[in-house]
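Structure record follows, encoded as structure tokens.
Computed from a predicted structure; not experimentally measured. All chains are named by letter (A, B, ...) in the order of the sequence lines, taking the proteins before the strands, and each is independently numbered beginning at 1.
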Amino acid sequence: MAGSQTYYLTTPIYYVNDVPHIGHAYTTLACDVLARFMRLDGYDVKFLTGTDEHGQKVEKSAMNAGVEPQAFTDRVSKNFRDLVSLMNYSNDDFIRTTEKRHVESAQAFWRRLEERGEIYLGSYAGWYSVRDEAFYGEDELTTTPSGKKIAPTGAECEWVEEPSYFFRLSAWQDRLLEFYEKNPDFIAPAGKRNEVIAFVKSGLKDLSVSRTTFKWGIPVPGNPEHIMYVWLDALVNYITAVGYPEMGEGSEFAKRWPADLHMVGKDILRFHTVYWPAFLMAAEMAPPRRVFAHGWWTIEGQKMSKSLGNVIAPETLVNTYGLDQTRYFLLREVPFGNDGDFSHRAMVNRVNGNLANDYGNLVQRVLSMIGKNCGAAVPQPGPFTEADQALLGAAHALLDTVRGELKAQAFHKALDAIWAVVGDANRYVDEQAPWALKKTDPARMATVLYVLAETIRHLAILTQPVMPDASSKILDQLALGPDERGFGRLGEGGALKAGTPLPAPQGVFPRYVEETKGE
RNA sequence: GGCAGCGUAGCUCAGUGGUAGAGCAGGGGAAUCAUAAUCCCUUGGUCGGGGGUUCAAAUCCCUCCGCUGCUACCA
């Protein structure tokens, strides 16, 4: 792999206090598909995910559970490590913020900011609600007749002043705006970019980056009374994983930083597009190349919430509809970046329509004709007609299209393009009617089936990132070896060889059949 | 409140000045290789309301209605 281009992409690190749901699965899935795509396209990929394990809530949950925070996080971070195998993610690393490498990295990063005069000791004062564990702005509060300050949540607030370190965020406002201006692709989708710019233009205040009110965090170097603000701690994970503070020539950091893509949910956009690039620029390090904020899922038209009890565990989806079916649905159903709705009906439409009927049945009808009429081997093609060349041409052109769409994280458009060729292939089968040629012109039938097998080879190679298992089964049925499945094999260079024996075809995408209620 | 965006066929959406589109759903037909899968044809919309600019507006301008996002320190 020496000399090949690198591609470094990350998921957010997930807060261990949360139970993994469809939203977590979605973020990491999007990254997984990109990572697999880039690897097949010849890139040297590093795909990182992990867990965020510090903070007051974790400390409290551990206390409630009657265990030390570390023991607690060891236990709950497993929920997210289990998600990796459930969803078949191909991450190269799984980082936990309680790991030694990260604590050292975060402290080194802190010192680097401090050495450059970007952090100073001041005091943080504000209206604090003990119940909500949050500070509120003056304008958010209502005052009772007796002079008490009440938060929007109804909790009583008190004036609290505590020593805190601050990051000179206010000094970075203009340089951030300049950075956004010069890097129009840094924030995606475009609507989010405008929001961030509007936010920064409205004025930035220095950011409190340490806490003294609880203990579960990374100690501030030189002043262990303070622990680092969880977001500073958390964001640094992206450089920890590439070996920071080791930054010299030949280091992994030098090779992989800046990250090519941070994938995030829209709720944490600001941390990644304002604070993080400011921290990095202040540390004289390069900001990431791109941050993409995707949308949220609703369930059957309703917001997902614990109180409604409609939170969907990824495991339920996988068990009900199948793993690759779930992966396909999540990326095909909704334009990536938009909010989307998960419904049983929509899922069944995708599973049966796109997968079982369009794609699965195409593969099955073609391979089964080859099995029965071509001696269970890749047929020998004759000269190609215009129709043959049109279909093969569409298949050959797919890589460029898909590559372009994925460069913009437009998963739905990439899949649309692939399915357009699935449709072309099904129409071609009907037009050429190989079952009729069988009697009138067997040589022509062989050519038609060869063209179809070649088309399927392209489709299956290109669906590998989204549906690794199913695609692999199709490629098995074309008798392609492990080294014949990369994008380098697309086009005529990797074409199927006539006479290659093929195994008996097997269905890959079963139809979803509603369970009938017992009568 | 301020700023931004959206409102197009039953559903999800594309279309940003020149005779209204796709997929799915609905209706009809063909074929029978295949997971009763596929293919063809087709019903369906005063493009949120009103006003304006223009030879021409879903597309530009104004206004009204409805919906959504952002408006910093829980993560």
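Within a 6.0 Å radius of CD in E68(A), other residues, nucleotides and ligands contribute 12 heavy atoms or fewer.
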Distances under 3.5 Å between protein N/O atoms and the N/O atoms of nucleotides 40-43 of chain B, please, pair by pair.
none

Nucleotide N/O to protein N/O under 3.5 Å, stretch nucleotides 25-36 of chain B:
{"from": "rC33(B)", "atom 1": "O2", "to": "R365(A)", "atom 2": "NE", "distance (Å)": "3.2"}
{"from": "rC33(B)", "atom 1": "N3", "to": "R365(A)", "atom 2": "NE", "distance (Å)": "3.4"}
{"from": "rC33(B)", "atom 1": "N3", "to": "R365(A)", "atom 2": "NH2", "distance (Å)": "2.6"}
{"from": "rC33(B)", "atom 1": "N4", "to": "R365(A)", "atom 2": "NH2", "distance (Å)": "3.1"}
{"from": "rA34(B)", "atom 1": "OP1", "to": "K372(A)", "atom 2": "NZ", "distance (Å)": "2.6"}
{"from": "rA34(B)", "atom 1": "O2'", "to": "N361(A)", "atom 2": "OD1", "distance (Å)": "2.6"}
{"from": "rA34(B)", "atom 1": "N3", "to": "N361(A)", "atom 2": "ND2", "distance (Å)": "3.1"}
{"from": "rA34(B)", "atom 1": "N3", "to": "R365(A)", "atom 2": "NE", "distance (Å)": "3.3"}
{"from": "rU35(B)", "atom 1": "N3", "to": "F509(A)", "atom 2": "O", "distance (Å)": "2.6"}
{"from": "rU35(B)", "atom 1": "O4", "to": "F509(A)", "atom 2": "N", "distance (Å)": "3.1"}
{"from": "rU35(B)", "atom 1": "O4", "to": "F509(A)", "atom 2": "O", "distance (Å)": "3.3"}

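Comparing atom distances between the Y15(A) side chain and each of rG69(B), rA75(B), rU71(B) picks out rA75(B) as nearest. Nearest nucleotide to the K57(A) side chain, out of rA72(B), rC74(B), rU38(B): rC74(B). The side chain of N426(A) lies closest to rC39(B), out of rC39(B), rA72(B), rC70(B).
For the C1' atoms, the distance linking rU54(B) with rU12(B) amounts to 34 Å, nearest Å. Straight-line distance between the P atoms of rG44(B) and rG28(B): roughly 16 Å, to the nearest whole Å. Comparing the C1' positions of rU19(B) and rA56(B) gives an interatomic distance of 11 Å, to the nearest angstrom. Rounded to a whole angstrom, the distance from the C1' atom of rG29(B) to that of rA22(B) is 22 Å. When the P atom is used for both rA58(B) and rG2(B), the distance is 31 Å, rounded to whole Å. Distance noted for atom P between rC60(B) and rG7(B): 11 Å (whole Å). Taking atom P in both rG49(B) and rU43(B), the straight-line distance is 23 Å, to the nearest Å. For rA25(B) and rU63(B), the P atoms lie 43 Å apart once the distance is rounded to whole Å.
Side-chain atoms of Q56(A) and R211(A) form no donor-acceptor pair, as typed in the model, at a separation below 3.5 Å. In summary, the side chains of S471(A) and T463(A) do present a donor paired with an acceptor at a separation below 3.5 Å, with no hydrogens or angles considered.
The ring pair (Phe, Tyr, Trp, His ring centres under 6.0 Å) check on Y14(A) picks up H24(A), F80(A), with sequence neighbours excluded. Applying the side-chain hydrogen bond (donor to acceptor under 3.5 Å, both in side chains) test to R81(A) and every residue at least two apart in sequence or in another chain returns S77(A). Partners of H102(A) by ring pair (Phe, Tyr, Trp, His ring centres under 6.0 Å), not counting sequence neighbours: none found. By the salt bridge (charged side-chain N to carboxylate O under 4.0 Å, His left out) test, K266(A) is found to be paired with D339(A), residues two or more places apart in sequence or in another chain being considered. For Y124(A), the ring pair (Phe, Tyr, Trp, His ring centres under 6.0 Å) partners are F135(A), not counting sequence neighbours. The ring pair (Phe, Tyr, Trp, His ring centres under 6.0 Å) test applied to F72(A) returns no partner, not counting sequence neighbours.
Using a 4.0 Å heavy-atom criterion, one finds that D52(A) contacts the sugar-phosphate atoms exclusively. Residue Y229(A) is classed as a sugar-phosphate contact, given heavy-atom separations below 4.0 Å to backbone atoms only. When heavy atoms are screened at a 4.0 angstrom cut-off, G203(A) is found touching base atoms of the nucleic acid. Residue W419(A) is classed as having no contact, given no heavy-atom separation below 4.0 Å to the nucleic acid. Contacts of D341(A) with the nucleic acid, taken as non-hydrogen atoms under 4.0 Å apart, are absent.
What separates CG of N354(A) from P of rC24(B) is a distance of 8 Å, to the nearest Å. Distance, I268(A) CD1 to rG69(B) P: 18 Å, rounded to whole Å. rA72(B) atom C1' lies 13 Å from atom CG of L269(A), rounded to whole Å. Residue L204(A) contributes atom CG, which lies 13 Å from atom P of rU71(B) at whole-angstrom precision. Going from atom OH of Y275(A) over to atom P of rA75(B) covers 10 Å, rounded to whole Å. Remark: P of rA22(B) and NZ of K413(A) are 18 Å apart, rounded to the nearest angstrom. Between the CH2 atom of W296(A) and the P atom of rU68(B) there is a distance of 17 Å, rounded to whole Å. Rounding to whole angstrom units, CG of residue L169(A) and P of rA72(B) are separated by 13 Å.
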- Which parts of nucleotides 2-16 of chain B does protein reach within less than 4.0 Å, heavy atoms only, written one letter per nucleotide 5' to 3' as B for base, S for sugar-phosphate only and - for none? ---------------
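The stretch residues 409-446 of chain A participates, sequence neighbours left out, in these ring pair (Phe, Tyr, Trp, His ring centres under 6.0 Å) pairs: Y328(A)-W419(A), F336(A)-F411(A), Y359(A)-W419(A). The salt bridge (Lys or Arg N to Asp or Glu O under 4.0 Å) contacts involving residues 429-439 of chain A comprise R365(A)-D430(A), where partners must be two or more places apart or lie in separate chains.
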Under 3.5 Å, which donor-acceptor pairs link side chains of residues 293-301 of chain A to any protein atom two or more places apart or in another chain?
{"from": "H294(A)", "atom 1": "ND1", "to": "V264(A)", "atom 2": "O", "distance (Å)": "3.4"}
{"from": "H294(A)", "atom 1": "NE2", "to": "T27(A)", "atom 2": "OG1", "distance (Å)": "3.3"}
{"from": "T298(A)", "atom 1": "OG1", "to": "G340(A)", "atom 2": "O", "distance (Å)": "3.2"}
{"from": "T298(A)", "atom 1": "OG1", "to": "D341(A)", "atom 2": "OD1", "distance (Å)": "2.7"}
{"from": "E300(A)", "atom 1": "OE2", "to": "H344(A)", "atom 2": "N", "distance (Å)": "2.7"}

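The nucleotide rG45(B) finds no pairing partner, because no Watson-Crick or G-U wobble arrangement with both distances shorter than 3.5 Å includes it. rC55(B) and rG18(B) make up a base pair, with Watson-Crick or G-U wobble contacts both under 3.5 Å. When Watson-Crick and G-U wobble pairs are counted only if both distances are under 3.5 Å, rG69(B) pairs with rC3(B). Checking rC74(B) for Watson-Crick or G-U wobble geometry (two distances, each under 3.5 Å) identifies no partner in any strand. Applying the Watson-Crick and G-U wobble criteria (two distances, each under 3.5 Å), rG23(B) pairs with rC11(B).
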- Message: Using the rule given for side-chain hydrogen bond (donor to acceptor under 3.5 Å, both in side chains), can you reason through D388(A) versus T385(A), listing the C-alpha separation, both sets of side-chain angles and the distance that settles it, and then say yes or no?
- Response: CA-CA 5 Å; D388(A) 301 346; T385(A) 65; 3.2 Å; yes
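No option in Y15(A), W216(A), F214(A), Y229(A) other than W216(A) meets the ring-ring contact (aromatic ring centres under 6.0 Å, His included) test with H54(A).
Each of K192(A) and S208(A) was matched to the nucleotide of RNA chain B holding its nearest heavy atom; the match closer to the 5' end belongs to K192(A). Nearest-nucleotide assignment on RNA chain B puts the 5′-proximal partner with E195(A), out of R211(A) and E195(A).
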